[in-house]
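Because the structure is a prediction, the values reported are computed rather than measured. Residue numbers start from 1 in every chain, and the chains themselves are labelled A, B, ... in the order their sequence lines are given, proteins ahead of strands.
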Amino acid sequence: MMMKSGYHTNSTRSLHLYASRSVTVSSVIRDTVIVNISVYRFEYKPKKVKTEHDKKAKKRKHEYEEDEEDEDIKPKKKTKDKKGTEGKKSKKEEEEKWKWWEEERYTDGSKWRFLEHKGPVFAPPYEPLPDKVRFYYDGKPMKLSAPAEEVATFFAKMLDHEYTTKDIFRKNFYKDWRKEMTSEEKSKITDLNKCNFSDMNEYFKAQSEARKQMSKEEKLKIKEENERLLQEYGFCIMDNHKERIGNFRIEPPGLFRGRGDHPKMGMLKRRIRPEDIIINCSKDSKHPKPPPGTKWKEVRHDNKVTWLASWTENIQGSIKYIMLNPSSRIKGEKDWQKYETARRLKKCVDRIRAQYRDDWKSKEMRIRQRAVALYFIDKLALRAGNEKEEGETADTVGCCSLRVEHIKLYPKLDDQEYVVEFDFLGKDSIRYYNKIPVEKRLGVTLKHKTGILWGFMRTSILNKHLQELMDGLTAKVFRTYNASITLQQQLKELSCSDDSIPAKVLSYNRANRAVAILCNHQRAPPKTFEKSMQNLQTKIDEKQNQLSAARKQLKAAKADHKASHDDKSKKAVEVKRKAVQRIEEQLMKLQVQATDREENKQIALGTSKLNYLDPRISVAWCKKWAVPIEKIYNKTQREKFAWAIDMAEKDYEF
DNA sequence: CTGCTCACTTAGGACTGTAATT
DNA sequence: AATTACAGTCCTAAGTGAGCAG
């Protein structure tokens, strides 16, 4: 049960960790993916018509029902819980057990028939600072007007962050801050460098300290208040079912901090008022009430969308939404559908791969470029790379927006011919660095490029082409497909039946890790990483000492037994042997833990687990190897993947 | 086409509560 | 009892891609 050296075999990616948050991923041989004919136990049936299932729903208004013909066709009625004794089950419990995946879906593009909710929870109003907390301008205390003071506090709270020293941040903040000042303040305050927020900063630090020091009762009270808020605003009724809302709190005002080198960092994110909010609910529901003395911007009844409320944010001018939790039917169906699309890609990926390889030779430049882009998306799991407005966001790219400076072609590197080196910032300004050897044919194609990388490539062009290759195929489907298929392959390769449960879980994590590396899901090494690694090492050392001590004792006992040959000494040998074995096991467990943690230093597993890996693969693996599902998914994840946990058997194949 | 709006998924990091440790 | 470490949750930014008007 030693860790399999197989993790770094040539069938997986080898991984080198470098400083400065970049992970080098070297060559993957995934070109020979075998497409099996899989058994689809649960075929996705997008053609079925969703109908109202519950009598109660019928009693509700029938506004959208003209387009429903066959109300009574439903394969499975709601699974009745065990009758009799449990008849009095609470509503809540009943809801938790609702198996939406056994019901029909809407096919007319509508997302719901009935939607009722209480609207969002607004950020608490601004509380002016006590008079003793001073702001100083040019060394002199100055009382600010409430609006100017509020914005100043946003800055004061961030004083410890490095970005308050950044030019762009300061410039943006100062510009927006001035807008909140009275004319008097404007004329007085003319230089941000003369502003002293440190007293305010101290005050907030003291406040958060005080919060930590609160008594049990006080903390409990806050907890109860939060719970009450959750119960009141955190749920909605959608088509007869109580569903959890994902984000029912409106984002509070503050200073915008984009990721990476963002041109808008430091700008004021303004406070959202009821007048900014559009409410979406069904006509026949009890409409949410705006806070006393206020109005909603609009109340609409659009059942072609899934959101409950929306507002326009002032930094990018984009729309933000309040939507349901991932455990909800509406999110779950979509998620399930996503994996079914990826499974359809599995069936025709060979054909598509053959075609794009062929297209590398095309006389037409646009065909060649398209084919190369698609190859990168497929092989490297790059994102599509939509165009973005310059100066509005950080300069990041994906496949189609890659520029010449992001790749380098080495006709010969070390002992390999045609190596392409990628180095660019992707989503969230996470660096992607990778070198791959490419086939000669492709190397030659790339070699002829000068200046602009793609010229004609656009995600829209690529996606249009993909649509023709397979219904529902877009660039991101490749990421989903490659992630899931990689997990499945890795699990097959790494799992070993006589491994202990922890060793199996390590194998799972390694399979998960292979995917995270493929998708370039990185994280900042935890602040306490070095220290916690050291602590673990200390434990290992101690265990090792224990072990050698135990071994010595065993040896002594053996010698003793050899000399005396009596029963008593024989027993002693057995006892010592057991002890050695136990310590060996403990040591192994610690070592496994250390390996897992070290390998995970800059890799984030969560993102792929949550968004790219067909949960049925994991569920099936757990069943096959008798690993409790709790070892793989925490409570939230089990809620999100309830459909998969319920339907996947141990022989499920992606 | 092209640009723009809208809806929705995907993403990393901050925050928090709790369990483990001292 | 206090402190620390870590997992889980929350937060919201940053993507993808469809659809529409011109």
Does [X] place a side-chain N or O at less than 4.0 Å from the phosphate oxygens OP1/OP2 of [N]?
X        : N      : answer
A:Arg383 : B:dA11 : yes
A:Asn634 : C:dA7  : no
A:Asn386 : C:dT16 : yes
A:Lys388 : C:dA14 : no
A:Arg479 : B:dA11 : yes
A:Thr474 : C:dG17 : yes
A:Tyr612 : B:dT9  : no
A:Arg597 : C:dC6  : yes
A:Ser460 : B:dT2  : no
A:Thr607 : B:dG12 : yes
A:Lys338 : B:dT10 : yes
A:Lys223 : B:dT18 : yes
A:Lys320 : B:dC6  : no

Distance flag, aromatic centroids of A:Phe155 and A:Phe173, threshold under 6.0 Å: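 Distance test on ring centres: under 6.0 Å, yes.
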Ring centre gap for A:Tyr612 and A:His521 strictly below 6.0 Å: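 Judged by ring-centre distance (under 6.0 Å), A:Tyr612 and A:His521 do meet the cut-off.
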What is the distance, rounded to the nearest whole Å, between atom [atom1] of [X] and atom [atom2] of [N]?
X        : N      : atom1 : atom2 : value
A:Arg431 : B:dG12 : CZ    : C1'   : 18 Å
A:Ile330 : B:dT9  : CD1   : C1'   : 14 Å
A:Asp471 : C:dA18 : CG    : P     : 11 Å
A:Lys334 : C:dA18 : NZ    : P     : 10 Å
A:Tyr321 : B:dT10 : OH    : P     : 16 Å
A:Glu387 : C:dG15 : CD    : C1'   : 13 Å
A:His262 : B:dG13 : NE2   : C1'   : 17 Å
A:Lys219 : B:dC15 : NZ    : P     : 16 Å

Using a cut-off of 4.0 Å on non-hydrogen atoms, how would the nucleic acid contact of [X] be classed: base, sugar-phosphate, or nothing?
X        : value
A:Gly606 : nothing
A:Lys464 : nothing
A:Ala394 : nothing
A:Pro326 : nothing
A:Thr396 : sugar-phosphate
A:Lys111 : sugar-phosphate
A:Gly398 : nothing
A:Thr306 : sugar-phosphate

Along DNA chain C (nearest heavy atom to each residue), the more 5'-positioned of A:Gln467 and A:Gly260: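 Here A:Gly260 is the residue nearer the 5' end.
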Of A:Arg249 and A:Val397, the one whose closest DNA chain C nucleotide lies more 5':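 Residue closer to the 5' terminus by nearest nucleotide: A:Arg249.
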Among [options], which nucleotide has an atom closest to any side-chain atom of [X]?
X        : options               : answer
A:Lys476 : C:dT12, B:dC6, C:dT16 : C:dT16
A:Val305 : B:dA11, B:dG13, B:dA7 : B:dA7
A:Asn463 : C:dG17, B:dC8, C:dG8  : C:dG17
A:Ala384 : B:dA7, C:dA14, C:dG17 : C:dG17

Ring geometry between A:Tyr163 and A:His161 (parallel below 30°, tilted from 30 to 60°, perpendicular above 60°):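 Aromatic pair A:His161/A:Tyr163 classed parallel.
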Ring geometry between A:Tyr432 and A:Phe424 (parallel below 30°, tilted from 30 to 60°, perpendicular above 60°):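 Taking A:Tyr432 first and then A:Phe424, their aromatic rings lie parallel (interplane angle under 30°).
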Polar contact flag, side-chain donor to acceptor under 3.5 angstrom, A:Gln337-A:Glu333: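 Absent: no donor and acceptor within the cut-off.
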Side-chain H-bond candidate by donor/acceptor type, A:Lys388 with A:Thr396, under 3.5 Å: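 Yes - a donor-acceptor pair under 3.5 Å links their side chains.
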ring-ring contact (aromatic ring centres under 6.0 Å, His included) partners of A:Phe422, counting only residues at least two apart: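 Once residues adjacent in sequence are excluded, the partners of A:Phe422 under the ring-ring contact (aromatic ring centres under 6.0 Å, His included) criterion are A:Phe376.
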Any N/O donor-acceptor pair, A:Lys427 side-chain to B:dT10 base, under 3.5 Å: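 A donor-acceptor contact between them is present.
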Nearest-nucleotide comparison on DNA chain B, the residue closer to the 5′ end among A:Ser608 and A:Glu389: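 Closest to the 5' end, via its nearest nucleotide, is A:Glu389.
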Backbone N/O of A:Ala381 and side chain of A:Arg479: donor-acceptor pair under 3.5 Å: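 Flag set: sc A:Arg479 to bb A:Ala381 pair under 3.5 Å.
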